[in-house]
Protein chains: 2
Amino acid sequence: MTEVHLRDALDTLKSTGVRITPQRHAILEFIIQSMSHPTADDIYKALESKFPSMSVATVYNNLRVFREAGLVKELTYGDSSSRFDFVTNDHYHMICDTCGKIVDFHYPGLDEVEHLASHLTGFEVSYHRMEIYGVCPTCKEHATKVQ
Amino acid sequence: MTEVHLRDALDTLKSTGVRITPQRHAILEFIIQSMSHPTADDIYKALESKFPSMSVATVYNNLRVFREAGLVKELTYGDSSSRFDFVTNDHYHMICDTCGKIVDFHYPGLDEVEHLASHLTGFEVSYHRMEIYGVCPTCKEHATKVQ
DNA sequence: TCTTTGATTATAATTGTTACAATAAGTATA
DNA sequence: TATACTTATTGTAACAATTATAATCAAAGA
């Protein structure tokens with residue numbers, strides 16, 4: 001699964017004339033394989049043993065490249081730093097208010113909401129996003145136990 | 001309408017033991033009366049003629065106070081700074097990718113999505129948010145004209 | 001009036017991100 | 001292979017939004 005995504009992503013990059021450097025390969029691989037929607041700093045820290053001389057600017061540069069190629073989505077929630085998500089299928093995010101964990105939640109796209117919104121406001125709609133907030137099972141259990 | 005909201009908001013603050021200072025009054029009034037979802041800096045700039053000595057820290061401090069009192073919602077989109085929205089009824093936001101304008105879009109809350117999400121992931125859901133992106137009528141027209 | 005608490009101010013510090021210049025690595029062409 | 005040319009990386013400086021801190025000020029209670 002991961003390998004397929006990685007191969008596809010590399011193909012996409014190649015087809016747009018973007019060079020595939022070891023750093024790019026590693027960053028992309030990490031985002032795809034990571035289920036945790038990492039921040040730029042997470043990525044930097046995770047790869048610093050493999051690339052001791054890599055600059056944090058490289059991470060940002062390449063995240064922008066990936067974003068422009070449509071491979072990666074930038075998520076901006078309440079916290080201080082952006083998180084990055086490999087683009088696969090339609091899914092929304094559930095966010096735990098207690099521990100900050102982000103979980104994917106698969107659900108068919110809300111096309112009819114887009115249509116209605118477009119009709120009411122005259123916008124030309126391109127996409128939408130939704131996040132659902134709450135307390136994850138782990139934190140819920142922990143809270144009751146501590147009580 | 002604005003006055004009712006303002007009075008309610010001030011009551012809420014009073015009931016939680018928060019002092020109502022001239023700065024707080026003005027900030028709150030500005031957010032309620034503003035239809036433009038201002039940033040902290042917008043608020044600071046808008047009020048500096050009325051309060052020449054007001055610090056930007058005061059704006060941030062009080063936005064936090066309002067947020068903790070449930071009066072104001074902090075919106076974090078792609079741009080660099082947060083925007084603040086007075087909490088009224090259920091509505092979503094439509095955002096213009098071209099000019100950044102934010103328009104309210106009234107729509108019944110997607111309760112069934114919350115329920116399904118809760119069922120699938122075990123989260124205890126508290127709320128959700130959704131944003132719809134696209135091009136607003138003004139920018140759309142302008143784009144075709146310029147062409 | 002005195003004390004205490006809370007709010008504001010001014011400024012320093014922090015943090016995430018971007019810009020920039022220099023160096024390094026690939027790629028293409030002769 | 002040698003040469004120029006393009007692109008990527010690095011290190012660091014700059015920036016902008018936000019938060020922390022300490023000092024001053026204002027209000028409320030005893």
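Note on naming: letters A, B, ... go to the chains in the order of the sequence lines (proteins, then strands), and numbering restarts at 1 for each one. Given the structure is predicted, the values throughout are model-derived calculations rather than measurements.
For D:dA26, neither phosphate oxygen OP1 nor OP2 lies less than 4.0 angstrom from any side-chain nitrogen or oxygen of B:Arg19. Contact annotation: A:Ser55 does not reach the phosphate of D:dT9 (side-chain N/O to OP1 or OP2, under 4.0 Å). For D:dA26, neither phosphate oxygen OP1 nor OP2 lies less than 4.0 angstrom from any side-chain nitrogen or oxygen of B:Thr21.
Contact annotation for A:Thr58: base contact, defined as any heavy-atom pair under 4.0 Å involving a base atom.
Protein atom CD of B:Glu48 is 15 Å distant from nucleotide atom C1' of C:dT9, rounded to whole Å. Following rounding to the nearest Å, B:Ile27 (CD1) and C:dA7 (C1') show an atom-to-atom distance of 11 Å. Atom CZ in A:Phe51 sits about 14 Å away from atom P in C:dA25, given to the nearest Å. Between B:Asp42 atom CG and D:dA17 atom P there is a gap of 10 Å when expressed in whole angstrom units.
Scanning all heavy atoms of the two residues, the minimum distance from B:Val103 to A:Phe123 falls at CG2-CE1, 4.0 Å.
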request  = Go through A:His5 and A:Phe86 one step at a time and tell me if the ring-ring contact (aromatic ring centres under 6.0 Å, His included) criterion holds.
outcome  = CA-CA 9 Å; A:His5 284 149; A:Phe86 185 68; 5.6 Å; yes

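Salt bridge present: B:Lys45 and B:Asp41 bring a charged side-chain N and a carboxylate O closer than 4.0 Å.
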At a cut-off of 3.5 Å, list every protein nitrogen or oxygen paired with a nitrogen or oxygen from nucleotides 18-22 of chain D, distance to 0.1 Å.
residue	atom	partner	partner atom	Å
D:dT18	OP1	B:Ser82	N	3.0
D:dT18	OP1	B:Ser82	OG	3.4
D:dT18	OP2	B:Tyr60	OH	2.2
D:dT18	O5'	B:Tyr60	OH	3.3

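Residues A:His37 and A:Ile31 form no side-chain contact, since every pair of their non-hydrogen atoms from C-beta on lies 4.5 Å or further apart.
Residue pairs meeting the side chain to side chain donor-acceptor pair (under 3.5 Å) criterion with at least one member in residues 46-67 of chain B, sequence neighbours excluded, are B:Arg24-B:Asn62, B:Asn61-B:Arg64, B:Arg67-B:Glu74.
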